[in-house]
Amino acid sequence: MKKAVSAIKGTKDILPQEIRLWQRLEGECKHVFELYGYREIRTPVFEATELFEKGTGITSDVVIKEMYTFTDKGGRSLTLRPEYTPSVVRAIIENRLYLQPEPLRFYFIGPMFRYDKPQKGRFRQFHQVDIEVFDEKEPAVDAEIVEMADFLLKRLGVKDIKILVNSVGCRKCRPSYLKVLREKASGAKDVLCPDCLRKLESNPLRIFDCKIEACREAARSFPKITDFLCAECGEHFSRFCGYLDAFGLTYTIEPKLVRGLDYYTKTTFEIVSRRLGAQDAVLGGGRYDDMMKEFGGPDICGIGFAMGVERIISLLSAVEEPRKMLFAAFLGQAALSKGMELVRELRRQGIECLLEYKERSLKNQLSRANKLGAAWVLIIGENEIKKGVYGIKRMSDGVQMEGDLKGILAFIGQPL
RNA sequence: GUGAGUGUAGCUCAAUUGGUUAGAGCACUGGACUGUGGAUCCAGAGGUUGGGGGUUCGAAACCCCUCACUCACCCCA
């Protein structure tokens, strides 16, 4: 098939057939988030490249190899946002939102861009639903966020999910853990695969993820981060888990849940579904207590999560809702003019109407109306115009009558 | 970035393994039925077999290059 122009690799069109699902998801998100006191915020799709280098982290994979970065005509280095958190933090500082009495709870829905190789559940332009809370140190809010995510997913009808939680410690306790882990893993150098030997340097926590049995076996004896948390982080984590218990949520403590963004401190969590394939996270997030300060803002902590819209959508099944639409069929030019007039009035009465301007047989138009799932067909022909009435047919049972505009409206008012 | 798999009509797939004019179902258009839908039957339209090159008397099939998609690694939503 010859294609003049096609969508860019890793991007796709969301077609009308699918869009109902998107609208439902967006509606549910807004509804739930507002129930929890969040308000929508929207920031630009591109930002100074520096924002992500500082925020997402210069050592993260996202920044190193996945950013859509370009130079604009003024010579500035700009980047299409690969994630949302740095933008929100920037907006808060820039607009001094922390000086307002309103709670610092924000949500956002929009596209993100990462130069990844596409695969199942992974795209170059994808969409995230994102929430962030600032200035709440208490582990209670960590638990509230997880509970909200769980509530949202239940409302959406997402099944077979698992909640994973962890603490990655803070800048005080994490380095000492990593040191011990590296030492321990170095002792097992002869059994680890080449991949893991590389991870030993770059990201030793990833060794826990290896699929090779020898590596898994060795990793079982490695220390867990949850055993190395400092007093503050340890208490935060146990209270967080306590609140989750109080909510009656089932969750798994997953000490190898590290997440790829540099900024996380203390709590991290993910909600996964095995139905998604290799990219199994529907939602992931955590606490980032230092980002605001590092951007030169006030010392305000933050916590949030991002949910992958395409991934959620793939777990939902489309529900075909019946379309309460009227199809206007006409025969001849005089009838067309009359039809345009009638349809205009019906639309003002709040009735979805479709009038197609092709001259076709009545049979053809009825057939078409049937295919489109129209609830009624309005029939306008010479006979009707002479009599000053119009035919209206209910497609579900074929019942048909004649009437003027008032009669038609009354007929439409009857149950289908 | 690395690796594997797949590209045939709008969609799902055939083509006896290299053989003549690339087929079918669904969908589409028209007709049977002149102004009354769904069922049935008939007909029509729709293809540079992803693209380019090569091997061959002959390529959708084999080889090379390229592009796209899919899946996995890495990483993440």
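We name chains A, B, ... by the order of the sequence lines, and we start the count at 1 in each one.
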Fill in: B:rA60 to B:rG19 separation - C1' atoms, rounded to the nearest Å
13 Å
Worksheet item: Over how many whole Å does the gap from A:D280 atom CG to B:rC75 atom P extend?
Response: 14 Å
Worksheet item: Taking for each residue the nucleotide of RNA chain B bearing the nearest heavy atom, is the 5' side occupied by A:G285 or by A:P118?
Response: A:P118
Worksheet entry | Nearest-angstrom distance, C1' atom, B:rG44 to B:rA9 | 14 Å
Item to complete: Quick one: sort the A:F305 and A:F269 rings into parallel, tilted or perpendicular, breaks at 30° and 60°.
Response: perpendicular
Worksheet entry | Base paired to B:rG18 (Watson-Crick or G-U; both N/O distances under 3.5 angstrom) | none
Practice prompt. Measure from NZ on A:K117 to P on B:rA4 and round the result to the nearest Å.
Written response: 10 Å
Item to complete: If B:rA4 has a Watson-Crick or G-U wobble mate with both distances under 3.5 Å, name it; if not, just say none.
Response: B:rU70
Worksheet item: If we ignore angles and hydrogens, is there a donor and acceptor under 3.5 Å between the side chains of A:E47 and A:T79?
Response: no
Worksheet item: Can a donor-acceptor pair be found between the side chains of A:Q125 and A:Y68 at a distance below 3.5 Å?
Response: no
Item to complete: Determine the Euclidean distance between corresponding P atoms of B:rA77 and B:rC65; express it in Å to zero decimal places.
Response: 36 Å
Discussion item. So A:K9, base contact, sugar-phosphate only, or nothing? Heavy-atom distance under 4.0 Å.
Written reply: sugar-phosphate
Worksheet entry | Over 12 foreign heavy atoms within 6.0 Å of CD, A:E352 | yes
Item to complete: Can you check whether any acceptor in the base of B:rC75 is under 3.5 Å from a donor in the side chain of A:Q279, or vice versa?
Response: yes
Discussion item. Measure CD/A:Q125 against P/B:rA77 and give the value in whole Å, please.
Written reply: 17 Å
Discussion item. Closest-nucleotide mapping onto RNA chain B: is A:A306 or A:A278 further toward the 5' terminus? I mean the 5' end.
Written reply: A:A278
Worksheet item: Does A:R81 make a cation-pi contact with A:F46, if we ask for NZ or CZ under 6.0 Å from the ring centre and within 45° of the axis?
Response: no
Item to complete: Look through every strand shown and name the nucleotide pairing with B:rU56 as Watson-Crick or G-U wobble, where both distances are under 3.5 Å.
Response: none
Worksheet item: Taking the same atom, C1', in B:rG50 and in B:rC69, what whole-Å distance lies between them?
Response: 10 Å
Discussion item. Strictly below 4.0 Å, N to O, side chains only: are A:R274 and A:D160 in salt-bridge contact?
Written reply: no
Fill in: For B:rU49, the Watson-Crick or wobble partner whose two distances fall under 3.5 Å
none
Discussion item. Output the rounded distance in Å from CD (A:Q365) to P (B:rG30).
Written reply: 11 Å
Worksheet entry | Results of side chain to side chain donor-acceptor pair (under 3.5 Å) for A:Q365 - residues two or more places apart only | none
Worksheet entry | Separation of B:rA77 C1' from A:E310 CD (nearest whole Å) | 8 Å
Worksheet item: Whole Å only: how far is the CD atom of A:Q119 from the C1' atom of B:rC74?
Response: 9 Å
Discussion item. In whole Å, measure the gap between the P atoms of B:rA39 and B:rG1 for me.
Written reply: 50 Å
Worksheet item: Can you tell me how far C1' of B:rU70 sits from CG of A:D116, to the nearest Å?
Response: 16 Å
Item to complete: Taking the six-membered ring for Trp and the single ring otherwise, decide whether the centroids of A:Y38 and A:Y107 are under 6.0 Å apart.
Response: no
Item to complete: Under a 3.5 Å limit for both distances, which nucleotide forms a Watson-Crick or G-U wobble pair with B:rC11, could you say?
Response: B:rG25
Worksheet, complete the sentence: B:rU17 glycosidic conformation (syn if within 90° of 0, otherwise anti) is syn
Worksheet item: Looking only at atom P, what distance separates B:rU36 and B:rG30, rounded to whole Å?
Response: 16 Å
Discussion item. Let's test your reading of the model: under 3.5 Å, does the base of B:rC74 pair with the side chain of A:R122 as donor and acceptor?
Written reply: yes
Item to complete: Could you tell me whether A:E356 atom CD has more than 12 heavy atoms of other residues or ligands within 6.0 Å of it?
Response: yes
Worksheet entry | B:rA45 to B:rG52 separation - P atoms, rounded to the nearest Å | 26 Å
Fill in: Summary of protein contacts for nucleotides 31-44 of chain B, nucleotide by nucleotide, where a base hit scores B, a sugar-phosphate-only hit scores S (4.0 Å, heavy atoms)
--B-BBBB------
Item to complete: Check every strand shown and say whether A:V282 touches a base, only sugar-phosphate, or nothing at a heavy-atom separation below 4.0 Å.
Response: sugar-phosphate
Discussion item. Between P on B:rU70 and CZ on A:R124, what's the gap in Å once rounded to a whole number?
Written reply: 11 Å
Discussion item. Need one value for A:F123: base, sugar-phosphate or nothing, where a base atom within 4.0 Å counts as base even if backbone is also close, heavy atoms only.
Written reply: base
Worksheet item: In whole Å, what separates the P atom of B:rA14 from that of B:rC42?
Response: 25 Å
